[in-house]
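Both backbone and side-chain heavy atoms feed into the values below; hydrogens, waters and symmetry mates do not. Just so you know, ligand 1 is whichever comes first in the structure, and atom 1 is the first atom listed for that ligand.
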Amino acid sequence: MLYLEILGNLPEMARDEVKAMLELAGGEIVSQDYLFLKINADERAFSYLDRLGLAHEYGMLMVEADSVEELLDKAREVEWPIRGTFKVDTETMANCRHSVLDLPRKLGAVIHAQGFKVNLSRPDTLVRVYCGERLYTGIRLRFFDPKDFEKRKAHHRPFFRPISLHPRVSRALVNLTKARRELLDPMMGAGGILMEAGLLGLRVYGVDIRQEMVEGAEMNLRHYGIRDYVLKLGDATRLEELFDKKFEAVATDPPYGTSATLAGRKRDELYQKVLESIYEVLEDGGRLAIAFPTSFDGKAEAERIGFKTLGRYYQRVHKSLERYFYVFEKE
Ligand SMILES: C[S@@+](CC[C@H](N)C(=O)[O-])C[C@H]1O[C@@H](n2cnc3c(N)ncnc32)[C@H](O)[C@@H]1O
C-alpha cells in the first residue's frame with residue numbers, strides 16, 4: 001500500500017489527477033481522509049505518480065490506526081525499512097481527531113528500539129505521521145518540491161506574459177487528459193501547458209492566433225529543454241484545417257475576455273466554436289481539459305456537441321475571475 005498527500009487548494013481536482021494517473025498505472029485510491037489518500041499500487045505506479053502537479057508527497061504506508069496506542073502497538077510489530085538515519089515528522093491535518101503532540105517522540109523510540117539512529121537535522125529517511133479521522137504512518141518516498149514548479153512560473157520564463165496558469169495547475173490539466181503520447185494546446189499563449197506536457201516526454205502541438213505568442217512559446221519550450229514540438233500560427237476554431245491528424249489529448253486555457261486576447265471575437269461564440277473544433281480533432285476516447293469562467297456553462301455546451309463530462313472543479317482566482325476547470329471525454 002502507498003499513501004499520497006494531495007494539495008489543499010484544488011482538492012477534488014488533485015484527487016482526480018491521482019485517479020487518472022492510477023488508471024494509467026494500474027492501481028486505485030482505496031480511501032481518502034481529508035488530503036490523505038490510501039492507494040493500492042506498487043512500484044510500477046511510481047513513474048506515473050512522479051508526473052503529478054497537485055501533490056505534496058507519496059510514500060509507503062506502514063501502519064494505520066484509530067488511536068495513538070494502537071498505532072504504537074502496530075508500529076512495534078513492523079520491520080521498519082529505514083535507510084541510514086531517520087526522523088519522525090507529523091502532519092496534523094485540519095480534521096485531526098487525535099492528540100499527537102507526543103507521537104513523534106514515542107514512535108521515534110519504537111523505531112530506535114529496532115536499532116535505527118535518529119537524526120533530526122539531516123535524516124536519510126523521513127517517517128511521516130498523518131493525523132486525520134484516523135492515524136497513519138509511512139515512509140516518504142517522494143516529495144514534490146514547490147521550487148521545481150516555481151522555477152517555471154511566468155516571470156521566470158524568457159518570454160513573459162502574465163496570462164499563464166500556475167505550472168502545478170497546468171501539469172494537472174495535462175494529467176487529467178491521461179495523455180501518454182502527445183498533447184495539443186490550441187490556444188497556447190506563452191506555452192505554459194505545453195511546457196508541462198513536454199517535460200513529461202509528450203510530443204506537444206500548439207496553436208495561437210498571434211504570431212508573437214507562437215514565437216514566445218517556442219522560446220519558452222526551448223528554454224526548458226523541450227524539442228519535440230509542432231507550433232502553428234492559426235485559429236483554434238479551425239483546427240481541422242491546420243492538422244491532418246487526430247489527437248490523443250487536448251488541454252487549453254482560453255482567453256477570459258480581454259479584447260487583446262479574444263482577437264476581436266465574441267467570447268461565448270468563440271468558446272462554442274473552439275469546443276466544436278476540438279471535438280473534430282480529438283480521437284475517440286480522447287480527453288479534453290479546459291478552463292472557462294463560471295459565467296459560461298461549459299458543461300452544457302460540451303455535452304450538446306457530444307462530449308461526456310468527467311469532472312468540473314471550481315477556482316476563485318480573484319474578485320472578478322472565477323472559473324471552472326472541466327474534463328471532457330469524446331465517447
Ligand atoms: C489565456 S491565454 C493562454 C495562456 C497559456 N495557457 C499559457 O500558459 O501561457 C489564451 C491565448 O489564446 C489565444 N487566442 C485567442 N483567440 C484565439 C483563436 N481563435 N485561436 C487560437 N488562439 C487564440 C490568445 O492569443 C492567447 O495567447
Pair Arg316 + Glu322: basic N to acidic O under 4.0 Å: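 The answer is no: the pair does not qualify as a salt bridge.
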Sidechain N-carboxylate O distance under 4.0 Å for Asp66, Arg134: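 Yes, charged N to carboxylate O under 4.0 Å.
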What are the atoms of ligand 1, with element, lying closer than 4.0 Å to any heavy atom of [X]?
X: Pro255; result: 10 (C), 12 (O), 15 (C)
X: Gly192; result: 7 (C), 8 (O), 9 (O)
X: Pro186; result: 21 (C), 22 (N)
X: Gly234; result: 20 (N), 21 (C)
X: Ala190; result: 7 (C), 9 (O)
X: Asp235; result: 18 (C), 19 (N), 20 (N)

Candidate pair Ile39 and Met1, rule side chain to side chain contact (heavy atoms under 4.5 Å, CB included), full reasoning: CA-CA 6 Å; Ile39 285 173; Met1 281 297 168; over 6 Å; no
Shortest reach to atom 23 (C) of ligand 1 by a heavy atom, considering only Ile209, Leu194, Leu270, Asp185: Ile209
Pick from Val274, Leu239, Asp253, Thr237: the one approaching atom 10 (C) of ligand 1 most closely through a non-hydrogen atom: Asp253
Ligand 1 versus Met213: contacting region, heavy-atom distance under 4.0 Å: side chain
Proximity of Phe296 and Tyr271 rings by center, below 6.0 Å: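 Judged by ring-centre distance (under 6.0 Å), Phe296 and Tyr271 do meet the cut-off.
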Aromatic centroids of Tyr324 and Tyr313 separated by under 6.0 Å: no
Audit row: Thr125, Thr85, side chain to side chain contact (heavy atoms under 4.5 Å, CB included) steps and yes/no: CA-CA 6 Å; Thr125 303; Thr85 57; over 6 Å; no
Within-cut-off N or O pair, Ala236 and ligand 1, under 3.5 Å: yes
Nitrogen or oxygen atoms of Arg157 and ligand 1 under 3.5 Å apart: no
Arg168 side chain to Ala55 backbone, donor-acceptor under 3.5 Å: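 Pair found, side chain donor or acceptor close to backbone of Ala55.
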Sole residue of Tyr34, Phe36, Tyr136 in ring pair (Phe, Tyr, Trp, His ring centres under 6.0 Å) with Tyr130: Phe36
Arg161 touching ligand 1 at heavy-atom level, < 4.0 angstrom: no
